[in-house]
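Below: the structure, in structure tokens.
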Amino acid sequence: MAKVVAGMIGLGTVGTGVVRLLAKEKKIFLKKVAVRDINKARADDIFCSVTNDVYELINDPEIELIIEVMGSDQPAYEYLTAALEKRKHVVTANKEVLAKHGPELFALAKKKHLAIFFEASVAGGIPLISTMLKGLEANQINSVTGILNGTTNFILSSMEEHKISFASALAQAQALGFAEADPSADVEGFDVAYKLSILSALAFGHFVKPDSIYREGITKIGQKDLEIADSFGYRIKLVGTASRFSSNGNPKLDVRVQPMLIPKQHLLANISGSNNVILVNGDAVEQLAMVGPGAGQLPTASAIVGDVINLANALHLPDFAEYFQPEIESGWSTVTDEGNISRRFYMRLVVHDVPGVIGKIGTILGKNEISIQSIVQRGVKDEKANVIILTDFVRHSAVNKAAAELKGCDFLDELANLLAIFEEQ
Ligand SMILES: NC(=O)c1ccc[n+]([C@@H]2O[C@H](COP(=O)([O-])OP(=O)(O)OC[C@H]3O[C@@H](n4cnc5c(N)ncnc54)[C@H](OP(=O)(O)O)[C@@H]3O)[C@@H](O)[C@H]2O)c1
């Protein structure tokens with residue numbers, strides 16, 4: 001049987017892993033790899049022909065599929081569009097380009113009867129995409145919730161375990177190669193927002209524009225918050241969730257990424273280090289959990305090479321691309337404004353330790369129709385104290401309004417944190 005001929009764009013962390021795994025595959029010939037810097041030293045065991053001209057791959061009639069592991073939005077979008085126009089199938093690990101241009105890329109692939117495989121774009125080594133596309137086909141997916149970013153989970157786990165600050169945990173993650181020199185995509189939640197856009201396309205049939213996804217990062221989480229959360233029976237994790245619900249008979253989507261207090265006994269609270277966990281809720285299967293490495297060279301390459309093998313096995317069958325293509329509609333889904341969503345909240349205020357403060361806080365919360373489940377004062381120091389409030393279910397907009405009022409009060413030194421509390425749906 002003739003070998004399937006592939007080209008690859010990118011030979012960094014993931015690309016190197018792909019070359020290593022493909023070396024064992026008899027059915028696939030990796031003809032050429034495009035890189036940015038042709039003079040860069042590569043690992044000793046990496047033998048492949050390299051070029052710094054991506055169009056050498058795209059214009060090569062022998063190459064049947066392009067593996068894209070270069071990352072970011074542009075010029076990846078330009079290259080993937082050009083590859084599809086030249087009738088090449090695509091395997092990509094690039095969540096950003098899919099989240100920002102998914103509707104156009106899938107429409108073009110459909111028009112050209114080509115396949116786009118993207119298992120590595122969400123949750124690295126965990127076979128989440130193929131499970132949602134094929135294994136759960138008989139279900140209506142109601143929600144996908146998870147810890148989808150290993151870097152932030154590593155940072156929060158280190159802060160909790162070693163009682164260190166966010167800055168120290170980030171420096172440790174960078175030294176160990178778990179975080180980029182510019183960590184903003186991870187710690188500000190952009191990476192999870194891209195993944196949620198892709199998961200929304202699989203679960204609900206449309207991509208969600210990443211900038212319409214409600215997003216909070218983890219930079220504001222302090223050691224004090226972790227300690228207080230612990231004393232109330234919670235851990236703090238960065239959670240991404242995409243779920244459907246009905247409001248007055250109208251279908252709505254709630255898609256967001258935010259640090260949340262998770263009850264310690266819940267599975268989401270028990271995933272530490274750089275692992276990912278995903279809970280998929282389908283109407284027939286009910287709840288399914290998948291845990292594993294969400295990144296890393298070989299776990300990610302495992303997902304990519306799995307896609308390449310699947311593609312190579314089916315490549316010459318009639319209509320195979322239609323079989324593999326997800327049913328994704330053109331256009332974007334809109335999401336419900338976060339302010340309208342009701343949940344429970346944790347609020348930490350640093351106040352001047354003067355009589356009557358708790359009563360004044362209670363009055364402001366009551367005026368905004370916020371029921372208090374618990375309010376406690378902790379750790380008086382330098383005439384300041386932490387007041388911790390756990391609310392009942394309340395709209396986010398009401399909590400924001402109360403927070404703005406509290407900020408105008410002279411007894412308040414700082415509104416140190418406002419975080420949502422996780423509830424099983
Ligand atoms: N790292 C992970 O654990 C992981 C996990 C899941 C998904 N992903 C996704 O996998 C993709 C690759 O990640 P990575 O960590 O391997 O990135 P990386 O180490 O930064 O490697 C990027 C590679 O792309 C090449 N490149 C960049 N711009 C290029 C351009 N304009 N033309 C040609 N080549 C270009 C670079 O060339 P040079 O080598 O010459 O600089 C490099 O080889 C990203 O989409 C990422 O989100 C990564």
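Order of listing sets the numbers, starting from 1, for every ligand and every atom in it. Count residues from 1 along the sequence.
In this structure, the side chain of Glu322 does not engage the main chain of Phe324 through any donor-acceptor pair within 3.5 Å.
Between Pro75 and ligand 1 there is a heavy-atom distance shorter than 4.0 Å.
In this model, a donor atom of one side chain and an acceptor atom of the other lie less than 3.5 Å apart for Tyr214 and Glu216. Neither side chain, Asp225 nor Gln223, offers a donor N or O lying under 3.5 Å from an acceptor on the other. Side chains of Asn386 and Arg378: a donor-acceptor N/O pair is absent below 3.5 angstrom, by distance only.
The protein heavy atom nearest to atom 3 (O) of ligand 1 is Gly296 N, 2.8 Å. Looking at atom 5 (C) of ligand 1, its nearest protein heavy atom turns out to be Thr300 OG1, 3.2 Å. Looking only at protein heavy atoms, the nearest one to atom 12 (C) of ligand 1 is Val69 O, 3.3 Å. Ranking protein heavy atoms by distance to atom 45 (O) of ligand 1, first place goes to Gly71 CA, 3.2 Å. The protein heavy atom nearest to atom 40 (O) of ligand 1 is Asp37 N, 2.7 Å. Closest to atom 9 (C) of ligand 1 among all protein heavy atoms lies Ala93 O, 3.4 Å. From the protein, the heavy atom lying nearest to atom 21 (O) of ligand 1 is Gly12 CA, 3.3 Å.
For the atom pair Leu84 CG and Leu105 CG, the distance stands at 6.5 Å (nearest 0.5 Å). Here Glu423 contributes atom CD and Ser342 contributes atom OG; the two are 11.5 Å apart, rounded to the nearest 0.5 Å. Rounding to the nearest 0.5 angstrom, the gap separating the CD1 atom in Ile155 from the CG atom in Asn149 is 8.0 Å. To the nearest 0.5 Å, the span separating OG on Ser231 from CD1 on Ile388 amounts to 7.0 Å.
Not one N or O of Ala295 is nearer than 3.5 Å to an N or O of ligand 1, by distance alone. Note: no N/O pair closer than 3.5 Å links Glu68 and ligand 1 by distance alone. Here's the thing with Gly15: none of its N/O atoms is less than 3.5 angstrom from an N/O atom of ligand 1. Of the polar atoms of Ala120, none of the N or O atoms is found under 3.5 Å from an N or O of ligand 1, judged by distance alone. Not a single N or O atom of Val54, backbone or side chain, sits closer than 3.5 Å to an N or O atom of ligand 1. Considering both main-chain and side-chain atoms, Gln297 never comes within under 3.5 Å of ligand 1 through any nitrogen or oxygen pair. The shortest N or O to N or O distance between Ser72 and ligand 1 is not below 3.5 Å.
For the side-chain contact (heavy atoms from CB on, under 4.5 Å) test, residues two or more places apart in sequence or in another chain that qualify with Asp45 are Arg20, Ala43. Under the salt bridge (Lys or Arg N to Asp or Glu O under 4.0 Å) criterion, Asp60 pairs with Lys31, not counting sequence neighbours.
Residues Phe117 and His89 keep their aromatic ring centres 6.0 Å or farther apart. Aromatic pair Phe207/Tyr194: ring centres not closer than 6.0 Å.
Taking each of Thr13, Ile9, Asp53 in turn, the one with a heavy atom nearest to atom 15 (O) of ligand 1 proves to be Thr13. Within the set Gln74, Arg36, Arg42, the minimum heavy-atom distance to atom 39 (O) of ligand 1 is found for Arg42. Between the choices Glu180, Lys95, Lys195, Met70, the shortest heavy-atom distance to atom 46 (C) of ligand 1 belongs to Lys95.
The residue from Arg215, Arg395, Arg343 that alone fulfils the salt bridge (Lys or Arg N to Asp or Glu O under 4.0 Å) condition with Glu338 is Arg343.
Remark: ligand 1 atoms within the under-4.0 Å shell around heavy atoms of Leu11 are 23 (C), 42 (C), 43 (O). Per-residue contacts place Lys40 under 4.0 angstrom from the following atoms of ligand 1 (heavy atoms of the residue considered): 38 (P), 39 (O), 41 (O). Against a heavy-atom cut-off of under 4.0 Å, Gly10 is close to the following atoms of ligand 1: 23 (C), 24 (O), 25 (C), 43 (O).
Contacts between Val14 and ligand 1, counted as non-hydrogen atom pairs separated by less than 4.0 Å, involve both the backbone and the side chain.
Proximity of atom 17 (O) of ligand 1 to the protein is not indicated, since no non-hydrogen protein atom lies closer than 4.0 angstrom.
Smallest separation of non-hydrogen atoms from Met347 and Leu406: SD-CD1, 3.9 Å.
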